[in-house]
Trainee: 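Sharing a structure below in structure tokens format, with a few things to ask.
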Amino acid sequence: MSLEHISPDEVLASNDPGDDTQRRYRYQAAYSAYASLSLLEDNSEFLELFCEHHEDTLLKTRDSKFVGVQVKTRKSGLKLFKATDEKVLHSLKRFVEQDIEFPGMYSRFVLATNYSFWEVKDNSSNLRYILNQAKDINNEGQLDIPKHLEIVINKIKKRFSDNTEVTQEAIIHVLQKIEVQELPKFDDMSSRIVNSLKSVYD
């Protein structure tokens, strides 16, 4: 389509970030709507869902545990998410904070995105690799932390204030509970909700 035929409702504003911000919030809300449909499934794991309450989406399980979800969005054409990206580290720190504030209440955490995670090499930038390294640690006094995992742990620790005591073990404990999830693209989430609705309602 040539530029002279594009109307204002078809493109994001180039000089106003507001519509892009709203698009991201709408996507997070759409994710919560999609996740809420799982409450209607027979033998669902989940009992309740909360939006923007401690996490982007907070799910309460039938055994009174919680699943905290952070949704990170990125438009096409940009670099893939890395474990050392500021947005990713912010989410990891957020999960650690929640696990410390509510000990034993979170069964797992989910870092979800409409984009993809970088997996070119097994190093500190590869989030799935880092999470798998954490899961391989038995957490019973083991001191030999793999160097790539240690890099990410130290980056998370640096994001806490000096007067906040966060141990290496506490961070590893949280990393062991994190799952990554790749979601539909910006324009595909609505159709995913519609299709899921059809499976729940006749």
Side-chain angles (χ1 to χ4, degrees), residues 25 28-73 81-113 117 124 126-183:
Y25 282 132
Q28 289 183 356
Y31 172 84
S32 292
Y34 174 66
S36 71
L37 295 177
S38 67
L39 303 179
L40 304 177
E41 296 174 355
D42 294 336
N43 302 315
S44 173
E45 173 190 4
F46 303 114
L47 189 63
E48 294 180 84
L49 180 146
F50 307 87
C51 298
E52 295 297 335
H53 184 64
H54 297 293
E55 298 291 1
D56 294 336
T57 303
L58 183 68
L59 289 152
K60 186 175 183 179
T61 64
R62 292 191 177 276
D63 60 356
S64 296
K65 299 289 186 178
F66 292 87
V67 177
V69 183
Q70 286 270 317
V71 179
K72 296 300 174 191
T73 56
F81 280 112
K82 293 183 176 181
T84 50
D85 286 352
E86 188 57 42
K87 284 187 175 182
V88 174
L89 289 170
H90 176 79
S91 291
L92 299 182
K93 178 200 174 197
R94 180 69 184 162
F95 291 152
V96 174
E97 289 174 331
Q98 287 295 292
D99 204 59
I100 291 173
E101 185 174 358
F102 303 102
M105 296 304 297
Y106 282 94
S107 60
R108 65 184 186 273
F109 298 96
V110 178
L111 184 57
T113 180
F117 294 96
S124 59
N126 186 334
L127 182 60
R128 291 184 197 272
Y129 173 69
I130 292 301
L131 297 179
N132 286 333
Q133 281 201 318
K135 289 177 174 68
D136 287 339
I137 294 175
N138 62 28
N139 230 6
E140 294 180 2
Q142 181 174 339
L143 299 177
D144 51 333
I145 307 300
K147 66 175 183 178
H148 295 305
L149 175 59
E150 190 170 29
I151 288 172
V152 175
I153 290 172
N154 289 335
K155 285 182 177 293
I156 295 171
K157 285 188 73 171
K158 285 180 180 177
R159 276 152 181 79
F160 286 90
S161 61
D162 293 337
N163 59 353
T164 303
E165 183 63 32
V166 180
T167 65
Q168 199 175 54
E169 289 74 21
I171 295 175
I172 291 172
H173 176 69
V174 171
L175 294 177
Q176 290 173 334
K177 296 196 289 186
I178 296 175
E179 300 174 1
V180 292
Q181 184 179 10
E182 293 185 3
L183 304 172

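Both backbone and side-chain heavy atoms feed into the values below; hydrogens, waters and symmetry mates do not. Residue numbers count from 1 along this sequence.
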Trainee: Between E45 and R62, is the closest basic N to carboxylate O distance under 4.0 Å?
Mentor: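 Salt bridge flag = no for E45 with R62.
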Trainee: Tell me whether the rings of F66 and Y106 are parallel (<30°), tilted (30 to 60°) or perpendicular (>60°).
Mentor: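 F66 and Y106: tilted rings.
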Trainee: Please name all residues satisfying salt bridge (Lys or Arg N to Asp or Glu O under 4.0 Å) with K177, sequence neighbours left out, ordered by chain then number.
Mentor: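 K177 satisfies salt bridge (Lys or Arg N to Asp or Glu O under 4.0 Å) with D99 only.
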Trainee: Looking only at heavy atoms, which two atoms of I137 and P146 are closest? And how far apart?
Mentor: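 Closest pair (atom of I137, atom of P146, distance): CD1-CD, 4.2 Å.
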Trainee: Tell me whether K93 forms a cation-pi arrangement with F160, defined as NZ or CZ under 6.0 Å from the six-membered ring centre and within 45 degrees of its axis.
Mentor: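 Yes; both conditions hold, so K93 lies above the ring face of F160.
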Trainee: Any side-chain donor paired with an acceptor under 3.5 Å for S32 and T57?
Mentor: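 Yes - a donor-acceptor pair under 3.5 Å links their side chains.
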Trainee: So, K155 and E150, do they make that salt bridge, N to O below 4.0 Å?
Mentor: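 So K155 does not pair with E150 through a salt bridge.
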Trainee: Using only atom types and a distance under 3.5 Å, with no angle test, would you say the side chain of D85 pairs donor to acceptor with the backbone of V88?
Mentor: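 Between the backbone of V88 and the side chain of D85 there is no qualifying donor-acceptor contact (under 3.5 Å).
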Trainee: Strictly distance-based, threshold 3.5 Å: is any side-chain N or O of S91 a donor or acceptor partner for the main-chain N or O of Q70?
Mentor: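 Checking the backbone N and O of Q70 against the side chain of S91, no donor-acceptor pair under 3.5 Å is found.
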Trainee: On a heavy-atom basis, which atom in F117 and which in E182 lie closest, and how many Å separate them?
Mentor: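 Closest approach of F117 to E182, heavy atoms only: N-OE2, 3.4 Å.
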Trainee: Given side chains that start at C-beta, do those of T113 and V180 come closer than 4.5 Å, heavy atoms only?
Mentor: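 They are not in contact (no side-chain heavy atoms under 4.5 Å apart), so the answer is no.
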Trainee: Within the side chain of K157, is there an N or O that forms a donor-acceptor pair under 3.5 Å with the backbone of E165?
Mentor: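 No; zero donor-acceptor contacts below 3.5 Å.
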Trainee: I'd like to check L39 versus L47 (side-chain heavy atoms, cut-off strictly below 4.5 Å). Are they in contact?
Mentor: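 A side-chain contact is absent here, since even the closest heavy-atom pair is not under 4.5 Å.
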Trainee: To the nearest 0.5 Å, tell me how far I171 CD1 sits from I100 CD1.
Mentor: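 So the gap between those two atoms works out to 7.5 Å.
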Trainee: Give a yes or no on whether the backbone of L89 and the side-chain of R94 come within a donor-acceptor separation of less than 3.5 Å.
Mentor: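 Checked: no pair found.
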Trainee: Is K65 salt-bridged to E48, cutoff N-O under 4.0 Å?
Mentor: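 The answer is no: the pair does not qualify as a salt bridge.
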